[in-house]
Amino acid sequence: MKHKKKTAFAALALAAVWWQWPDRYPAYPASGHYNPDSGTFSNAEPQAAPTDLVSAMWQMLVGEESRRPPKPLPAVRPDWAAFLAAPEGKSRFVWFGHSTLMMRIGGQTVMTDPVFGGSVSPVPVMMRRFSPPPAALAEVPTPDVVLVSHSHYDHLEKASIKALAARGSRFVVPLGLGVLLRKWGVPPQNITELDWWQSTETGGIRYTALPARHDSGRSLTDHNKSLWAGFAIEHGGEKFYFHGDSAEGKHFDEIARRFRGFDIAFIENGQYNERWPDNHLFPAQTAALAAKLAPKRFMPIHWGAYPMALHTWNEPVLQSIPAARRLGVRPLTPLMGQVFDRDTATEDWFAKPL
């Protein structure tokens, strides 16, 4: 009975936090993944509904410490001079944990899913960051372009968006996400919204929004009102894949067919659970996707910063990295803050005692 009361209390608390007054979203032409009657997006392959979600949230709340690293994860201060000096044809990168990357491509700076806060939950006592990012957002070079994959709290952070809007960054996002960006102060002329397979070019870099099998929403009133996507980033002879969030699906076959290999594939690896099987990749699926996309290097992302599932902090990479090697894929596992490129030699630091 006591457990049932706690679960009911947790459900009411979450519902109260996630209620927001509905925003107005534009209508789009009907497509295989958009219904103008309901004003919502969907997946080509339906998702199985999450099960026992409130109980899982309670377990994450009360057992979070057991899944966190025992000490702060190793990190280095970014060498911004080295980052900005990336030579033509050999882009450089910095990882901030989870899905936040900075990329120096073709003389421009690109940032993905900028999240720097202490929590990625609307209930800030949950999903707390393991350790501070290797540099504060105010310290990083101003991004020319910011890519946002979808509206979930661990990929779209209001404070970061407002700060980058004030610095004049441009935003490339999936359909519908401009509603929140404009609300948070991004000038409309600095927002480009893309449907799946649509592209835009800025400063000689081509960005293509790619299909994903996921969902979107930040409250009880905006579920799937905006689209979710991965991105291909192309400049000169280089190609990079940014996964965003996506479960297994046939869309990966089409991505592999159209792009025929990448220099680096940044692929989601973490926050999975059998209770939400069609939201994130499991480690073996991450490795299999890396092999399918045929990159020169595969880098796991969506881990190393926040506890958002019931696995330990390093379980995803302890499983996916050996699996990728068995499939002939060369992993890339830099420290947070380290400046790296596609040829950087890295170690399995996550497998060593902290």
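Note: hydrogens, waters and symmetry copies are ignored here, and every other heavy atom, side chains too, is used.
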In this structure, would [X] and [Y] fall into the same cluster of hydrophobic residues linked by side-chain contacts under 4.5 Å?
X	Y	value
V76	M102	no
V110	L332	yes
F171	L147	no
L180	L175	no
F242	M299	yes

Quick one, H98 with V120, criterion side-chain contact (heavy atoms from CB on, under 4.5 Å). Give me CA distance, side-chain angles, the key distance, then yes/no.
CA-CA 11 Å; H98 205 64; V120 290; 5.9 Å; no
Donor-acceptor pair, [X] side chain versus [Y] backbone, under 3.5 Å?
X	Y	value
S131	P72	no
S226	H150	no
N190	P187	no
E64	M127	yes
W228	G244	no
E268	S246	yes
R92	M103	no
T100	D113	yes
Q108	G203	yes
S320	P316	yes

Looking only at side chains, do [X] and [Y] share a donor and an acceptor under 3.5 Å apart?
X	Y	answer
R104	T109	yes
T221	S219	yes
S121	S119	no
D245	H155	yes
N279	D215	yes
Q271	H302	no

Identify the heavy atoms of [X] and [Y] that sit nearest to each other, and give their distance.
X	Y	answer
Y28	G176	OH-N, 3.0 Å
L137	A163	CD2-CB, 3.9 Å
E88	G106	OE1-CA, 4.2 Å
S66	T312	O-CG2, 4.4 Å
W349	P334	NE1-O, 3.4 Å
A265	L293	CB-CD1, 4.4 Å

Given side chains that start at C-beta, do those of [X] and [Y] come closer than 4.5 Å, heavy atoms only?
X	Y	result
D154	V115	no
H311	N273	no
I205	V145	no

What verdict does the side-chain contact (heavy atoms from CB on, under 4.5 Å) test give for Y207 and T202, after you've listed the backbone C-alpha separation in whole Å, the side-chain angles of each residue and the deciding distance to 0.1 Å?
CA-CA 8 Å; Y207 304 94; T202 299; 4.2 Å; yes
Just one of [options] clears the ring pair (Phe, Tyr, Trp, His ring centres under 6.0 Å) bar with [X], so which one?
X	options	result
W303	W95, Y272, F266	W95
H152	H280, H214, H223	H214
F262	F240, Y241, F298	Y241

Tell me, please, which residues at least two apart from P322 pass side chain to side chain contact (heavy atoms under 4.5 Å, CB included).
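Residues passing side chain to side chain contact (heavy atoms under 4.5 Å, CB included) with P322: R326.
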Residue pairs involving residues 281-306 (criterion salt bridge (charged side-chain N to carboxylate O under 4.0 Å, His left out); sequence neighbours excluded)
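Counting only pairs at least two positions apart or across chains, the salt bridge (charged side-chain N to carboxylate O under 4.0 Å, His left out) contacts touching residues 281-306 are D253-K292, D263-K296.
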Contact list for residues 42-58, test salt bridge (charged side-chain N to carboxylate O under 4.0 Å, His left out), sequence neighbours left out:
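Qualifying pairs: D52-R275.
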Once side chain to side chain donor-acceptor pair (under 3.5 Å) is applied, do any residues pair with [X], and if so which ones, sequence neighbours excluded?
X	result
R67	none
D278	R213
N35	none

With rounding to the nearest 0.5 angstrom, report the [atom1] to [atom2] distance, [X] to [Y].
X	Y	atom1	atom2	result
E234	K239	CD	NZ	6.5 Å
Q338	M336	CD	CE	11.5 Å
S216	N224	OG	CG	4.5 Å
Q285	N269	CD	CG	11.0 Å
F350	E315	CZ	CD	13.0 Å

Does the ring centre of F252 sit less than 6.0 Å away from the ring centre of H243?
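Judged by ring-centre distance (under 6.0 Å), H243 and F252 do meet the cut-off.
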Is the distance from the ring center of F93 to that of F340 below 6.0 Å?
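Yes; F340 has its ring centre under 6.0 Å from that of F93.
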Is [Y] paired with [X] through a side-chain N to carboxylate O contact shorter than 4.0 Å?
X	Y	answer
R342	E238	yes
K162	E157	no
K250	E254	no
R218	D23	no
E193	R182	yes

If you count every heavy atom of other residues, nucleotides or ligands that lies below 6.0 Å from E65 atom CD, does the total exceed 12?
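Enclosed.
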Could you walk me through whether Y34 and F41 pass the ring pair (Phe, Tyr, Trp, His ring centres under 6.0 Å) test, one step at a time?
CA-CA 4 Å; Y34 180 75; F41 293 91; 4.6 Å; yes
Quick one: do T142 and S169 satisfy side-chain contact (heavy atoms from CB on, under 4.5 Å)? Show the steps, please.
CA-CA 7 Å; T142 297; S169 297; 3.8 Å; yes
Would F96 and F116 satisfy ring pair (Phe, Tyr, Trp, His ring centres under 6.0 Å), going step by step from the backbone distance to the final call?
CA-CA 8 Å; F96 287 82; F116 287 76; 5.2 Å; yes
